[in-house]
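Each remark here refers to the structure printed beneath this line.
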Amino acid sequence: MAIEAKADLLNEQQRDVAGVIRALKERFADRCATSHALREQHGHTTTWLTNQPPDAVVFAETTDEVAEIVRLCAAENIPVIAFGTGTSLEGHVNAPRGGISIDLSRMNRVLEVNSDDLDCRVEAGVTRKQLNSYIRDTGLFFPIDPGADASLGGMAATRASGTNAVRYGTMKDAVLGLTVVTADGSIIKTGGRARKSSAGYDLTRLFVGSEGTLGIITELTIRLHGQPEAISGGVCPFPDVEAACQAVIMTIQMGLPVARIELLDSLQVKACNAYSKLDLAETPTLFLEFHGSEAGVQEQSEMFSAIADELGGGPFKWATVAEDRTRLWSARHDAYWAGKGLRPEAQIVATDVCVPISRLAECVIQTAQDIEAEGLLAPIVGHVGDGNFHVQILVDLDDPEEMRKSEAFVERLAIRALDMGGTCTGEHGVGQGKQKYMRREHGDALEMMQAIKQALDPHNLMNPGKILPQS
Ligand SMILES: Cc1cc2nc3c(=O)[nH]c(=O)nc-3n(C[C@H](O)[C@H](O)[C@H](O)COP(=O)(O)OP(=O)(O)OC[C@H]3O[C@@H](n4cnc5c(N)ncnc54)[C@H](O)[C@@H]3O)c2cc1C
């Protein structure tokens, strides 16, 4: 029996959930809630995975409170599930073994901004948009932008990225240090404010992407960037997906420092036209943005136009006015909801993979052919500069045949990406939905991950049933 399964069996025999909820209500009053609707919302899942609500939700306001809740739960072997804004896509916040959801949304203070050092310290519940509004007047910005206005703690926990990652990196690059509540309720600090360090194991990066399975992040020190002097961008249509992907590959291979380069297939463009009132040609399209000096962005734009031209793409439609650019990127960020508009009564199952850039065209083309062969309604959209793309399948969860087809498609997509030297998820994370690919992706290294989990959370109480397969 796997280590986690043994720990769970033991825990089940020793739990007093009702007693812990009583203690939490006594201590946190109405900040500890057990209503069905709230519990269900905190076990929210945007896949076909069944909703598995926690037994109670507690709204923490300080690191010490988080530690107190974790200690109370640990004493009774009760799982704890960290909750940011609940926008994760693979059943991450489900509570398959019940337990207490610790909602960090009230920990939403920006604690310090060090403009001279281009960094800041925030509580885990601060969202990416909140941080950017807070620092707008400093001339700095925080570039990582998943489609949702997620919490920075949740983004660190899923190692999130977004449209700007091709230029500014992902959460693994943005996080300099963390405050973490560990499985026994201790509080530790990892990393610091130095831009680099050779001092010991990199615990910051261990917690980034650990999806709440090793500890709960309560504060983050984050790297910021100067707002670029000049921004230019626009949209460029292509005759087919292959030409669009080849343009991306050439752009990256030439070292053109694009800030954003996003692919929308024709179905996604159609959806965005309808949802965001755009009038783009309904053909595979790249959304682009260049950051730098006036001369730099001009040069980059010209170089990209030449690449597009060579591949039969264009004409490049410039969005020179800031409002037009904002409108385009809002449409890109709303792609998920636009996709839903193609079949409003259906659910969206969003999945992502990432491949080495040279395999991008091949992977996207095979995926498009697969969608067509299966008769699925599934737009493709992606942060293709990183080799990362998403498929949003519109599916009737109550139709077994549609479900079978969709699940089989997701599996083929994950395996296709892995066979091309890629990963089964570039940014959404593993949660429950991608566990079955962990062995194929990591091989024997999975045992080392299990050993780390066992060392840091021996009773398997931190968001159990996530990332690591159970047998
Ligand atoms: C429309 C839409 C578009 C999206 N686009 C993108 C995209 O472009 N790129 C991308 O990367 N993602 C994207 N996502 C996914 C999602 O926004 C990310 O996974 C996000 O990083 C999750 O943050 P959250 O605050 O919602 O975390 P939650 O969903 O609340 O939690 C996610 C996981 O992290 C854990 N967790 C949360 N907070 C903490 C904490 N403080 N300490 C430890 N663990 C914690 C949870 O237990 C859970 O396992 C999108 C989602 C939607 C709905």
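All ligand and atom numbering here is 1-based and tracks the order in the structure. As the structure is a computational prediction, the values presented were derived from the model and not from experiment.
For atom 35 (C) of ligand 1, the closest non-hydrogen atom of the protein is Ala157 CB, 3.7 Å. In this structure, the protein non-hydrogen atom closest to atom 4 (C) of ligand 1 is Gly147 N, 3.5 Å. The closest protein non-hydrogen atom to atom 48 (C) of ligand 1 is His92 CB, 3.4 Å. Summary of contacts: the protein heavy atom closest to atom 11 (O) of ligand 1 is Ser161 N, 3.0 Å. Given atom 27 (O) of ligand 1, the protein heavy atom at minimum distance is Gly154 CA, 3.5 Å. What sits closest to atom 32 (C) of ligand 1 on the protein, heavy atoms only, is Ser88 OG, 3.4 Å. Closest to atom 39 (C) of ligand 1 among all protein heavy atoms lies Ala82 CB, 3.6 Å. The protein heavy atom nearest to atom 9 (N) of ligand 1 is Glu427 OE2, 2.7 Å.
Counting atoms of ligand 1 from 1 in the listed order, those under 4.0 Å from a heavy atom of Gly212 are 43 (C), 44 (N). Counting the atoms of ligand 1 from 1 in the order shown, those under 4.0 Å from a heavy atom of Ile217 are 40 (C), 41 (N), 42 (N), 43 (C). Counting atoms of ligand 1 from 1 in the listed order, those under 4.0 Å from a heavy atom of His428 are 12 (N), 13 (C). Below 4.0 Å from some heavy atom of Met155 lie the following atoms of ligand 1, by number and element: 21 (O), 23 (O). The distance from ligand 1 to the heavy atoms of Ala124 drops below 4.0 Å at these ligand atoms: 41 (N). Near Phe83, meaning under 4.0 Å from one of its heavy atoms, ligand 1 places the atoms 30 (O).
Geometrically, ligand 1 and Gly86 share a nitrogen or oxygen pair separated by less than 3.5 Å. Ligand 1 has no nitrogen or oxygen under 3.5 angstrom from a nitrogen or oxygen of His390. For ligand 1, the polar-atom distance check against His383 finds a nitrogen or oxygen pair separated by under 3.5 Å. For a threshold of 3.5 Å applied to N or O pairs, the pair formed by Trp337 and ligand 1 contains no separation below that value. Among the atoms of Val93, none of the N or O lies under 3.5 angstrom from an N or O of ligand 1. Distances between N or O atoms of Glu211 and those of ligand 1 include at least one value under 3.5 Å.
Only the side chain of Leu89 comes within contact range of ligand 1, with a heavy atom under 4.0 Å; no backbone atom does. Neither the backbone nor the side chain of Lys466 has a heavy atom within less than 4.0 Å of ligand 1. With a 4.0 Å cut-off on non-hydrogen atoms, Thr87 touches ligand 1 through its backbone as well as its side chain. For Asn463, every heavy-atom contact with ligand 1 shorter than 4.0 Å involves the side chain, none the backbone.
One finds no salt bridge joining Glu211 and Lys466 here, because no Lys/Arg side-chain nitrogen approaches an Asp/Glu carboxylate oxygen to under 4.0 Å. Using a 4.0 Å cut-off between charged side-chain N and carboxylate O, Asp119 and Arg193 make a salt bridge. At a threshold of 4.0 Å, the pair Glu441-Lys434 does not count as salt-bridged, since none of the basic side-chain nitrogens sits closer than that to a carboxylate oxygen. A salt bridge is defined here as a Lys NZ or Arg NE, NH1 or NH2 lying under 4.0 Å from an Asp or Glu carboxylate O, and Asp145 with Arg260 meets this definition. With salt bridges taken as basic N to acidic carboxylate O contacts below 4.0 Å, one links Glu411 and Lys436.
Taking a 6.0 Å sphere around CZ of Arg136, one finds it holds 12 or fewer heavy atoms contributed by other residues, nucleotides or ligands.
The shortest non-hydrogen separation linking Lys453 to Thr213 is NZ-O, 2.7 Å. In terms of heavy-atom proximity, Pro143 sits nearest to Asn164 at O-ND2, 2.9 Å. Residues Cys354 and Gly426 share a closest heavy-atom pair of CB-CA, 3.7 Å. When all heavy atoms are compared, the tightest approach of Ala183 to Ala74 is O-CB, 3.8 Å.
Using a 4.0 Å cutoff on heavy atoms, Gly215 counts as a contact of ligand 1.
Compare Val381, Thr158, Asp334 by their heavy atoms: the one nearest to atom 19 (O) of ligand 1 is in Thr158.
Screening Asn51, Asp103, Asn94 against His42 for a side-chain hydrogen bond (donor to acceptor under 3.5 Å, both in side chains) leaves a single residue, Asp103. A side chain to side chain contact (heavy atoms under 4.5 Å, CB included) with Met155 is found for one member of Ser88, Pro146, Ser161 and no other, namely Pro146.
With Phe59 as the aromatic partner, Arg106 meets the cation-pi criteria of under 6.0 angstrom to the ring centre and within 45 degrees of the ring axis.
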